Amino acid sequence: MTRTRRLPAVVAGAVLLALGLAGCSFVDDAGQVWGIVNSDFEKQRSLARAVSALELLEGVESASSNFTAAGLSGAEAELHVIVRPGTTPEQARSISSTTREAFGAPELEGVNPLFTLRGNGAADGVLTRNCFDLSDGALADVAFAADFAYWRAGEIAVGAPLSMSLTPSATGEACDRGFTAPDQGDAGQGDAGQGDAVRTAELLLDNFEALAAVPDETQNATMWQFAGMRASPSLPSAELVGLLDDIHDTIPLIDYSQLPENPAPDTEYPEGVLLAINELNPEQPVVAEIMISQRAYRNADWLNAIAAGTLATRVPDLSFRYVMPERQFQLHTSTCEGTVNESSDDQKFFDAIVAHGAELLPGAGPGTCVPER
């Protein structure tokens, strides 16, 4: 008998002994414990079969699995694949089909699935997926192949590894997609952390034209979240990215990647510039904002913010904010179809950029525009 086959019996025996010593109902509790242990063992065996199937596929270098009975979201089943260089979208479709069928096995019903795929080189990013359509599998596999192709082409266009996540969509129609710089420790980054996150964002700015030209067959809603950028549901316009790049000449890209998940009250937040775009409602105009965040008011930062605000006035339908904990200065660059919230600080800032030579578009003014709903 192998060690793997003996493990459930050993665990169950130890638990049953503890129950007997504690005075529990031996028969009822023993049956319940054995059922739990045996069920978990069957889940692990099911995942092991999936690993064997994945390793037989073309393009797969290796595969592994993990099962957690009590994860953060309940029982969790994981499949991890490392692919060979040059893995094709068609091979990715086969990987998706095998993975989806594995997670759809009866033994894994009700278990939260997670799949990761990465290359076998130190400079490769990672793809994570917990969005599985078990009802229309063929279409889901085709969509995964298209997402895989877009991810790989995006990395080539940017010239850096990218992390892509596929998560359940709020609409239920498809997977939502997200792109970020790889986490610290992924893609051979070691302890570089923040420097790599900023460098990836700078490469994205430098090679934005090539990235924007990558064909996307899925048209999935996509979150682009990098140092200095948070854009959804699609890439920003070339005009907005060019503005961010120009401002970045004097103000660093803000990088939130090193913040803890639950920041303490005394956490020191990063400073810098952020381009934020969010389509809250398809029937509403997209809201684009340039925000410069500082921890304190400083004369040098004021001058840089004036220069950045002057550049921003060239771009229509944009909100600009210069923010500190106790103070903020705001302007809008076009006619506001809604309500303008304006302060004396906003007027001061607007007057300063006009004096700096800003060429205003029709309707530009101090304050922030709150669009009509």
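This is a predicted model, so every value here is computed, not measured.
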- prompt: Side-chain contact, heavy-atom cut-off 4.5 Å: Arg177 with Asp147?
  reply: yes
- prompt: Under a single-linkage definition using a 4.5 Å side-chain heavy-atom cutoff for Ile, Leu, Val, Met, Phe, Trp and Tyr, are Phe226 and Ile254 assigned to the same hydrophobic cluster?
  reply: no
task: Please check if the side chain of Ser334 supplies one atom and the backbone of Asp317 the other of a donor-acceptor pair under 3.5 Å.
output: yes
- prompt: Do side-chain atoms of Glu58 reach the backbone of Gln91 as a donor and acceptor pair under 3.5 angstrom?
  reply: no
statement: One should read off an interatomic distance between Ser319 OG and Glu289 CD, to the nearest 0.5 angstrom, of 6.0 Å
- request: List the atom of Thr310, the atom of Ala358, and the distance in Å for their closest heavy-atom pair.
  value: CG2-CA, 3.7 Å
- request: With side chain to side chain contact (heavy atoms under 4.5 Å, CB included) as the test, would you mind laying out the steps for Thr128 and Val126 before giving the verdict?
  value: CA-CA 7 Å; Thr128 62; Val126 59; 4.2 Å; yes
task: Taking only Lys NZ, Arg NE, NH1 and NH2, and the carboxylate oxygens of Asp or Glu, determine whether Arg49 and Glu101 approach each other closer than 4.0 Å.
output: no
Within one Ile-Leu-Val-Met-Phe-Trp-Tyr cluster: Met291 and Tyr297, side-chain cutoff 4.5 Å: no
field: Over all atoms of both residues, closest heavy-atom pair of Ala153 and Val214
entry: CB-CG1, 3.6 Å
task: Could you walk me through whether Glu359 and Arg314 pass the salt bridge (Lys or Arg N to Asp or Glu O under 4.0 Å) test, one step at a time?
output: CA-CA 7 Å; Glu359 298 179 3; Arg314 305 172 185 172; over 6 Å; no
- prompt: Taking side chain as C-beta onward, heavy atoms only, is Leu204 less than 4.5 Å from Met229?
  reply: yes
- prompt: How long is the span from the CG atom in Leu54 to the CD1 atom in Ile82, to the nearest 0.5 Å?
  reply: 12.5 Å
message: Between Thr200 and Asp196 (side chain of the first, backbone of the second, donor and acceptor by atom type, cut-off under 3.5 Å), is there such a pair?
response: yes
field: Main-chain N/O of Glu42 paired to Ser46 side chain as donor or acceptor, under 3.5 Å
entry: no
message: Strictly distance-based, threshold 3.5 Å: is any side-chain N or O of Ser97 a donor or acceptor partner for the main-chain N or O of Arg93?
response: no
- request: Output, in order, the C-alpha distance, side-chain angles, deciding distance and verdict of side-chain hydrogen bond (donor to acceptor under 3.5 Å, both in side chains) for Thr116 and His80.
  value: CA-CA 5 Å; Thr116 68; His80 307 285; 2.6 Å; yes
message: Quick one, Pro236 and Leu275 - any side-chain contact, counting heavy atoms below 4.5 Å?
response: yes
task: Please report the C-alpha distance between Phe148 and Leu117 in whole Å, then the side-chain angles of each, then the deciding distance to 0.1 Å, and finally whether the side chain to side chain contact (heavy atoms under 4.5 Å, CB included) criterion is met.
output: CA-CA 10 Å; Phe148 174 87; Leu117 181 150; 3.8 Å; yes
message: I'd like to check Leu205 versus Val241 (side-chain heavy atoms, cut-off strictly below 4.5 Å). Are they in contact?
response: yes
- request: State whether the number of non-hydrogen atoms from other residues, nucleotides or ligands found under 6.0 Å of Glu55 atom CD is greater than 12.
  value: yes
field: Phe329-Phe320 aromatic ring centre distance below 6.0 Å
entry: no
message: Looking at Gln330 and Asp346, would you say the former's side chain and the latter's main chain have a donor-acceptor pair under 3.5 Å?
response: no
- prompt: For Arg321, does the CZ atom sit with more than 12 other heavy atoms under 6.0 Å from it, leaving out its own atoms?
  reply: yes
- request: Group every Ile, Leu, Val, Met, Phe, Trp and Tyr by side-chain heavy-atom contacts under 4.5 Å, then state whether Leu318 and Leu360 land in the same group.
  value: yes
message: Distance check, rounded to the nearest 0.5 Å: Leu79 atom CG versus Arg100 atom CZ?
response: 13.5 Å
Check against side chain to side chain contact (heavy atoms under 4.5 Å, CB included), Ile292 and Asp301: CA-CA 9 Å; Ile292 297 172; Asp301 295 329; over 6 Å; no
task: Could you tell me the separation between the SG atom of Cys369 and the CG atom of Asn341, rounded to the nearest 0.5 Å?
output: 9.0 Å
- prompt: Asn220 versus Tyr150: any side-chain heavy-atom pair under 4.5 Å?
  reply: no
Which atom of Ala77 lies closest to which atom of Val111, heavy atoms considered: N-CG1, 3.4 Å
message: Tell me if a side-chain donor or acceptor on Ser293 pairs with a main-chain N or O of Glu271 at a distance below 3.5 Å.
response: no
query: Looking only at heavy atoms, what is the nearest atom pair of Ala364 and Thr333, with distance?
result: CB-O, 3.5 Å
message: Angle between ring planes, Phe115 versus Phe132, binned at 30° and 60°: parallel, tilted or perpendicular?
response: perpendicular
task: Taking Thr87 for its side chain and Arg84 for its backbone only, find out whether a donor-acceptor pair lies under 3.5 Å.
output: yes
- prompt: Do Glu239 and Pro316 have side-chain heavy atoms sitting under 4.5 Å apart?
  reply: yes
task: Return yes if some donor-acceptor pair links the side-chain N/O of Arg129 with the main-chain N/O of Cys131 below 3.5 Å, else return no.
output: yes
query: Transitively linked via ILVMFWY side-chain contacts under 4.5 Å: Phe103 with Val60?
result: yes
task: State plainly whether one hydrophobic cluster holds both Val315 and Tyr322, where clusters connect Ile, Leu, Val, Met, Phe, Trp and Tyr through side-chain heavy atoms under 4.5 angstrom apart.
output: yes
- prompt: Are any non-hydrogen side-chain atoms of Leu274 and Ile290 less than 4.5 angstrom apart?
  reply: no
- prompt: If you take all heavy atoms of Ala201 and Ala227, which pair is closest and at what distance?
  reply: CB-O, 3.3 Å
- line: Scanning both residues in full, the closest heavy-atom pair of Thr335 with Gly363 reads OG1-CA, 3.4 Å
- prompt: Atom CD of Gln347 and atom CD of Glu342: how far apart are they, to the nearest 0.5 Å?
  reply: 5.5 Å
- request: Would you mind checking if Glu61 and Arg118 are paired as a salt bridge, meaning a charged N to carboxylate O distance below 4.0 Å?
  value: no
- prompt: To the nearest 0.5 Å, what is the distance between SG (Cys175) and CG (Leu166)?
  reply: 5.5 Å
task: Take Trp224 and Thr180 through the test side chain to side chain contact (heavy atoms under 4.5 Å, CB included) and record every step on the way to the result.
output: CA-CA 6 Å; Trp224 298 87; Thr180 63; over 6 Å; no
task: Go through the steps to decide whether Ser343 and Asp345 satisfy the test side-chain hydrogen bond (donor to acceptor under 3.5 Å, both in side chains), and finish with yes or no.
output: CA-CA 5 Å; Ser343 71; Asp345 276 345; 5.2 Å; no
task: Determine, for Arg45 against Asp40, whether the closest basic-nitrogen to carboxylate-oxygen distance falls under 4.0 angstrom.
output: no
- request: Would you mind reporting whether Val198 and Ser257 have side-chain heavy atoms less than 4.5 Å apart?
  value: no
message: Is the distance from the ring center of Phe144 to that of Trp151 below 6.0 Å?
response: no
